[in-house]
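Numbering of ligands and ligand atoms starts at 1, following listing order.
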Amino acid sequence: MTTLEERTAAAVEDHPHLIGGEFRPARSGEWLDSVNPATGAVWARIPAGDAGDVDDAVRAAAAAQPAWAARPAMERAVVLRRYAQVVREHAEELWRLDATDNGRAATEARPAVLGGSMQVEFLAGLAETVTGQTVSVRSDALTYAAREPYGVVGVIIPWNAPLAMFLAKATAALAAGNAVVVKPPEVASVSILAAARLLADAGVPDGLVNIVCGEGRTAGEALVDHPGVAKISFTGSTATGRRITQRSVVNLKALGLELGGKSPNIVFADADLEAAAAGVSAGIYTGSAGQACIAGSRILVQRDIYPRFLEALREKAAAIRLGDPLDPGTTMGPLAFDGQYAKVRGYLESAPREGAETVFGGRAADELFPADSPLRAGYFVEPTLFAVPHNGLGVCQEEIFGPVATVQAFDTEEEAVAIANDTVYGLAAGLWTSDLSRAHRLAARLQAGSVWVNTYRAMHWAVPFGGQKQSGNRPSNGPDALDEWLEHKTVWIQHG
Ligand code: NAD
């Protein structure tokens with residue numbers, strides 16, 4: 001493996017768009033720098049796409065889609081399974097690009113490629129399960145409800161897990177018979193472009209998957225506004241989801257929204273404290289350095305065990321190793337880009353001002369690494385815990401998206417539920433208890449799309465995943481994963 005110093009000294013690579021099967025720069029000729037968040041150094045460039053590039057991509061997608069949709073579902077499945085295999089063959093290259101671009105530690109980035117390829121196989125299988133209904137309303141007519149692809153769909157992806165999300169979203173859309181235009185996150189597009197370059201090797205026809213890079217306000221909005229795009233599948237912040245929803249009022253485009261979270265992780269006195277401390281720590285620290293929509297960022301602990309649990313959590317946090325994401329010994333990488341680094345550091349400063357008390361952590365890269373380390377210029381924040389007097393603080397209500405949790409004591413189950421649900425978000429909730437009845441009671445009362453009992457961050461493509469409240473408007477994954485990519489049509493055939 002090359003060293004971090006060697007990689008930092010390597011030439012900056014250009015990664016062009018994929019439009020209609022061709023690799024090309026933006027029409028404008030402009031490029032955006034992609035920075036390695038472990039060092040702060042530019043390591044790649046991506047095209048600064050705009051409305052012209054989006055239009056080219058939508059046209060290419062519209063030209064390719066009808067023939068793809070007309071192919072038997074079994075053939076689409078065969079092509080997608082082949083793609084899964086090609087992805088697996090390039091797993092090493094792909095996870096390294098992903099980890100270099102967004103700072104995800106190898107411990108997560110590497111298995112994500114294998115998981116992603118298996119998800120593609122699962123979705124390929126679903127291609128052959130699309131069914132409709134016949135409805136017997138009259139003896140002189142056949143009435144059936146069928147489902148058909150939208151045509152061209154737009155997929156907008158955030159930076160916290162770009163490769164995994166590309167594999168899941170683009171191939172689900174293809175399995176249902178659509179063509180896609182993907183807008184990757186501007187700070188971490190390279191792994192998506194690399195995975196897209198493999199599509200042709202698997203026999204995916206040119207034009208079916210198009211990748212247009214660029215900023216949200218230019219390329220992203222052009223995709224949302226484009227009349228040739230029937231649906232937008234957006235994953236990202238609730239603020240951007242709201243903005244996209246407002247723009248879509250004009251053309252009433254179908255929208256799938258997977259948004260932010262501020263998830264509670266509740267530890268009762270009867271829990272296995274060792275398992276709870278490990279799960280809570282993984283939920284906010286080693287899980288993408290807290291840059292996960294499902295981050296368990298609000299820790300609620302029953303008062304009887306509060307000091308003991310905090311000590312157990314402190315030990316877990318102390319064992320976390322920050323470093324080069326490509327180093328197999330690293331268990332937590334940096335934040336993905338300078339803006340996120342500044343945002344999280346802002347919370348480290350504002351939390352004590354609004355009444356939070358630092359339990360541990362609070363330092364950033366310049367205090368964590370020696371003066372001669374290239375990592376000192378990276379975007380690292382150590383695992384941090386703030387004890388808070390109540391749930392009304394900004395640090396408890398706003399999605400920080402970093403390795404920063406709050407902790408609060410509670411006495412009763414009733415109080416825990418009230419604090420847990422006191423948020424505009426409803427993505428996930430964790431619950432640690434040995435009381436089975438309590439587990440069932442709370443699973444029903446917690447306002448969240450996923451509730452984990454005695455575990456956290458458990459996910460699988462065969463299990464639905466989505467948000468309640470302001471965390472999203474429909475689940476993805478699961479046996480109905482293709483629903484998101486299919487429109488309904490009812491047909492009446494008069495025959496009598
Ligand atoms: P973001 O909303 O800033 O950006 C997401 C994507 O939207 C990027 O590709 C960006 O370029 C694009 N974009 C930005 N402004 C746009 C606009 N006006 N029009 C069209 N596109 C625009 O989010 P982020 O900071 O990249 O990602 C972090 C957020 O994503 C967090 O809030 C996290 O919770 C959320 N997220 C949610 C899920 C989920 O499944 N619910 C999964 C992962 C991440």
Side-chain angles (χ1 to χ4, degrees), residues 32 34 46 48-51 54 101-104 112 154-166 168-169 181-189 192 211-226 229 232-248 250 253 255-263 284 287-297 335-344 398-402 423-428 448-450 457 459 461 463-478 481 484:
L32 298 172
S34 212
I46 55 156
D50 60 21
V54 168
D101 219 10
N102 84 342
R104 223 171 172 204
V155 175
I156 301 179
I157 294 178
W159 45 261
N160 61 333
L163 178 62
M165 231 169 279
F166 167 73
K169 299 280 174 188
V181 178
V182 177
K183 211 300 277 170
E186 55 270 45
V187 298
S189 299
I192 292 180
I211 316 287
V212 180
C213 299
E215 292 181 344
R217 292 289 174 105
T218 48
E221 290 194 356
L223 191 57
V224 173
D225 292 346
H226 200 291
V229 176
I232 292 286
S233 167
F234 170 77
T235 309
S237 65
T238 296
T240 307
R242 197 171 287 123
R243 193 176 162 84
I244 287 175
T245 303
Q246 278 163 352
R247 287 191 88 83
S248 304
V250 178
K253 194 162 288 190
L255 288 182
L257 302 173
E258 297 191 336
L259 308 174
K262 190 74 188 174
S263 301
I284 181 66
S288 300
Q291 300 166 106
C293 52
I294 52 175
S297 51
L335 299 173
F337 64 105
D338 55 355
Q340 190 59 21
Y341 188 46
K343 178 181 167 190
V344 175
E398 294 153 24
E399 187 183 41
I400 298 175
F401 226 58
T423 168
V424 296
Y425 296 107
L427 195 56
S450 294
R457 289 186 110 231
M459 287 181 71
W461 44 88
V463 181
F465 171 78
Q468 298 185 355
K469 296 159 83 176
Q470 293 187 22
S471 288
N473 65 358
R474 67 164 326 284
S476 54
N477 294 354
E484 188 181 353

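With sequence neighbours left out, the salt bridge (charged side-chain N to carboxylate O under 4.0 Å, His left out) criterion links R242 to no other residue. With sequence neighbours excluded, no residue satisfies salt bridge (charged side-chain N to carboxylate O under 4.0 Å, His left out) with E399. In this structure, K253 has no side chain to side chain donor-acceptor pair (under 3.5 Å) partners at least two apart in sequence or on a different chain.
Using a distance-only test at 3.5 Å, with no hydrogens or angles considered, no donor-acceptor pair links the side chain of S471 to the main chain of L259.
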Less than 3.5 Å apart, N/O on ligand 1 and N/O on the protein: could you list those pairs with the distances?
from	atom 1	to	atom 2	distance (Å)
ligand 1	2 (O)	S237	N	2.9
ligand 1	2 (O)	S237	OG	2.8
ligand 1	2 (O)	T240	OG1	2.7
ligand 1	9 (O)	I157	O	2.7
ligand 1	9 (O)	K183	NZ	3.2
ligand 1	11 (O)	K183	NZ	2.7
ligand 1	11 (O)	E186	OE1	2.5
ligand 1	11 (O)	E186	OE2	3.4
ligand 1	11 (O)	G216	N	3.4
ligand 1	18 (N)	E221	OE2	2.8
ligand 1	18 (N)	R243	NE	3.4
ligand 1	23 (O)	S237	N	3.4
ligand 1	25 (O)	W159	NE1	2.9
ligand 1	26 (O)	W159	NE1	3.0
ligand 1	30 (O)	G236	O	3.4
ligand 1	32 (O)	E399	OE1	2.5
ligand 1	34 (O)	E399	OE2	2.6
ligand 1	40 (O)	E258	OE1	3.4
ligand 1	41 (N)	L259	N	3.2
ligand 1	41 (N)	L259	O	2.7

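Nearest heavy-atom pair, T218 versus G49, reported as atom, atom and distance to 0.1 Å: OG1-O, 3.7 Å. The two residues A295 and I284 make their nearest non-hydrogen contact at CB-CD1, 3.9 Å.
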